[in-house]
Amino acid sequence: MLFADIDILDENLDLRPHCWVGVKNGRIAYLDGQAPVDAEAEAYGEAYDGRGKLLVPAFYNAHAHAPMTLLRGYAENLPLQAWLNDMVWPFEAKMTPEDNYWATLLACAEMARYGVVSFSDMYYATDERVRAVVESGLKANICESELYFEPKPFADYASCAAVEEYVRKYHGAADGRILIDYNIHAEYTSNPQTCKDIAAVVKEKGLRMHLHASETRSEHEECKQRHDGLTPIQYFASIGVLDVPTTAAHCTWCEPADFDIMVEKGVFAAANPASNMKLGSGYAPIPAMLERGVSVCLGTDGMASNNNHDMMQDLYLLALLYKGSTGDPSVVTPKQALSAATRVGALSQGREDCGLVREGMKADLAVLDVTGPSWAPRTNPLVNMVYAGHGSDVVLTMSDGAVVYRDGAYPGIDVERAKVEVETRTKRIISEV
């Protein structure tokens with residue numbers, strides 16, 4: 001595809017008007033302020049009229065639980081522990097592998113609709129989730145979640161052999177769109193012995209880790225009581241978990257000493273502002289993290305604690321709420337927020353050649369219609385995108401050079417059937433709980 005005469009946010013997220021961007025073999029092969037010569041232009045295939053549009057790097061959802069689409073609107077107005085123990089875990093116990101497949105497929109449709117091309121997913125039923133992602137055309141870093149309450153070697157857990165098989169079958173599958181990560185759900189759902197073993201396996205295999213850290217105040221403080229004053233980040237660092245590339249979700253109650261560890265170890269902090277506010281968990285100290293040099297990315301979390309995969313809503317919250325909570329209108333700039341949702345999110349997944357509009361990068365792109373009233377005047381399109389834009393402004397989403405959403409159509413997904421399947425399956429599960 002050749003995006004013709006289109007405004008872009010370039011690799012520095014600066015506006016470049018009236019550009020031509022050619023996509024070939026899954027990558028951005030041409031980027032210039034003038035059209036390629038006719039013969040070369042034909043090699044890119046369809047010419048896309050870019051007038052009234054803005055081309056931006058697509059979004060990377062750094063923390064999700066895609067099958068929780070089934071729980072949208074189910075567990076409401078509860079603090080995290082009651083939400084988990086009384087509502088979520090009993091519901092999840094009734095979910096079948098096919099339930100997970102359809103819920104993941106619908107989540108992929110929703111994410112593609114709002115400009116997301118890749119997500120880091122922590123859940124169960126990995127075979128079914130991989131199948132859904134591959135069909136959708138999106139990308140995902142997928143980890144199989146298990147709760148490691150019993151202190152024993154990781155090899156004694158069924159998930160040890162299962163994840164090894166997932167790595168063998170799926171890591172790098174679909175031309176690299178599927179990556180397998182390892183997972184420790186959280187400090188309070190695990191034990192030191194098993195965690196050390198998992199970290200050793202991840203290090204040996206050269207893979208990545210995905211975990212929750214300091215999501216609630218009680219989790220944070222109870223960890224300190226159990227581990228001689230160590231916070232979750234300090235505890236995981238002490239047993240070697242953070243010696244591998246790690247994305248730590250939430251980090252809502254992290255302390256200044258944690259930031260130094262995160263910078264030293266290269267830990268990515270996946271902010272989830274909508275989920276944390278909805279569950280009353282608090283506000284992650286994002287301005288302090290950014291100032292200290294922590295790599296901050298952005299996630300939606302699951303649909304039982306956010307209710308939608310519209311990353312532009314989370315983008316808006318990330319850029320706005322800290323101005324109010326700190327009293328400083330200069331913290332978390334629009335460029336920092338958009339970088340968290342794009343390039344830093346890609347890096348948190350180990351996708352080094354993604355997340356920028358630059359020649360040679362993977363063509364992970366979103367096109368926004370900027371002719372709506374909230375975009376006028378276009379004094380600063382970056383600022384408009386973060387503070388005035390909406391997920392519904394996305395009219396095209398491209399993953400590795402393939403269109404996964406365009407003007408209401410999903411090439412890889414029967415979205416109407418997915419909606420019916422999820423509706424029916426949710427009703428069944430609620431009747432069984």
Side-chain angles (χ1 to χ4, degrees), residues 7 9 13-15 53-64 72 107 110-119 249-252 269-290 296-303 305-346 348 355 365-395 397 405:
D7 294 351
L9 294 183
L13 299 179
D14 292 327
L15 178 69
K53 305 294 196 302
L54 178 68
L55 181 71
V56 301
F59 300 127
Y60 299 80
N61 188 343
H63 181 62
R72 197 191 324 256
E110 186 178 2
M111 283 192 255
R113 170 66 186 89
Y114 295 128
V116 176
V117 292
S118 188
F119 60 103
H250 301 293
C251 300
T252 315
N272 298 263
S275 175
N276 292 155
M277 286 197 293
K278 187 167 185 285
L279 290 173
S281 299
Y283 306 93
I286 298 301
M289 286 184 182
L290 290 170
V296 175
C297 44
L298 185 64
T300 60
D301 207 4
M303 293 304 92
S305 61
N306 182 329
N307 295 47
N308 70 79
H309 282 299
D310 185 349
M311 282 278 285
M312 288 187 70
Q313 289 194 13
D314 287 88
L315 176 66
Y316 174 80
L317 291 173
L318 182 67
L320 192 68
L321 68 87
Y322 294 102
K323 301 180 186 302
S325 64
T326 65
D328 181 355
S330 68
V331 299
V332 189
T333 66
K335 189 171 285 191
Q336 286 176 316
L338 187 55
S339 179
T342 56
R343 177 59 172 169
V344 183
S348 78
L365 304 168
V367 177
L368 283 68
D369 183 339
V370 294
T371 61
S374 67
W375 287 86
R378 272 185 274 167
T379 308
N380 187 329
L382 168 64
V383 171
N384 279 27
M385 179 179 176
V386 174
Y387 292 130
H390 306 280
S392 57
D393 294 326
V394 174
V395 293
T397 304
Y405 170 81

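Counting from 1, the numbers follow the sequence of the chain as shown.
- Taking CG of Leu298 as the start and CG of Asn272 as the end, the distance is 7.5 Å to the nearest 0.5 Å.
- Shown here for Phe119 and Ala64, the closest heavy-atom pair between the two residues is CD1-CB, 4.3 Å.
- Of the residues Leu320, Leu321, Asn306, the one that meets the side chain to side chain contact (heavy atoms under 4.5 Å, CB included) test with Pro273 is Leu321.
- Between the side chain of Asn384 and the backbone N or O of Trp375, at least one donor-acceptor pair lies under 3.5 Å.
- The structure places CG of Leu382 at 6.5 Å from NZ of Lys335, a figure rounded to the nearest 0.5 Å.
- Between the side chain of Ser374 and the backbone N or O of Ala388, at least one donor-acceptor pair lies under 3.5 Å.
- Nearest approach of Arg72 to Asn307, heavy atoms of both residues: NH1-O, 2.9 Å.
- Under the rule for a side chain to side chain contact (heavy atoms under 4.5 Å, CB included), the partners of Leu290 that lie at least two apart in sequence or sit in another chain are Ile286, Val296, Val332, Gln336.
- Here Thr342 pairs with Pro57, Phe59, Leu338 under the side chain to side chain contact (heavy atoms under 4.5 Å, CB included) rule; sequence neighbours left out.
- Sorted by first and then second residue, the salt bridge (Lys or Arg N to Asp or Glu O under 4.0 Å) pairs involving residues 318-334 (not counting sequence neighbours) form an empty list.
- Here the straight-line distance linking atom CG of Leu315 with atom CE of Met385 works out to 6.0 Å at 0.5 Å rounding.
- A distance of 10.5 Å separates CG in Asn380 from OH in Tyr387, rounded to the nearest 0.5 Å.
- Between Leu279 atom CG and Asp301 atom CG the span is 7.5 Å, to the nearest 0.5 Å.
- Ala62 and Ser348 make their closest contact through CB-OG, 4.0 Å (heavy atoms, listed as atom of the first residue, atom of the second, distance).
- Closest non-hydrogen pair, Glu110 versus Asn308, comes out as OE2-CA, 3.4 Å.
- Here the side chains of Val117 and Tyr60 are in contact, with some heavy-atom distance below 4.5 Å.
- Nearest heavy atom pair, residue Cys251 against residue Ala284, reads O-CB, 3.9 Å.
- With values rounded to the nearest 0.5 angstrom, Leu9 atom CG is found 9.0 Å from Leu368 atom CG.
- Nearest heavy atoms, Val394 versus Arg113: O-NH1, 2.8 Å.
- Checked against Tyr114 for a side chain to side chain contact (heavy atoms under 4.5 Å, CB included), the options Asn61, Asp310, Thr397 give a single hit: Asp310.
- In the model, Thr300 has no side-chain atom that pairs as donor or acceptor with a side-chain atom of Asp314 under 3.5 Å.
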**Item:** Worked verdict on Met277 versus Tyr283 for side-chain contact (heavy atoms from CB on, under 4.5 Å)
**Value:** CA-CA 7 Å; Met277 286 197 293; Tyr283 306 93; 3.6 Å; yes
**Request:** Decide side-chain contact (heavy atoms from CB on, under 4.5 Å) for Asp7 and Leu15; before the verdict, give the C-alpha distance in whole Å, the side-chain angles of both, and the deciding distance to 0.1 Å.
**Result:** CA-CA 7 Å; Asp7 294 351; Leu15 178 69; 4.1 Å; yes
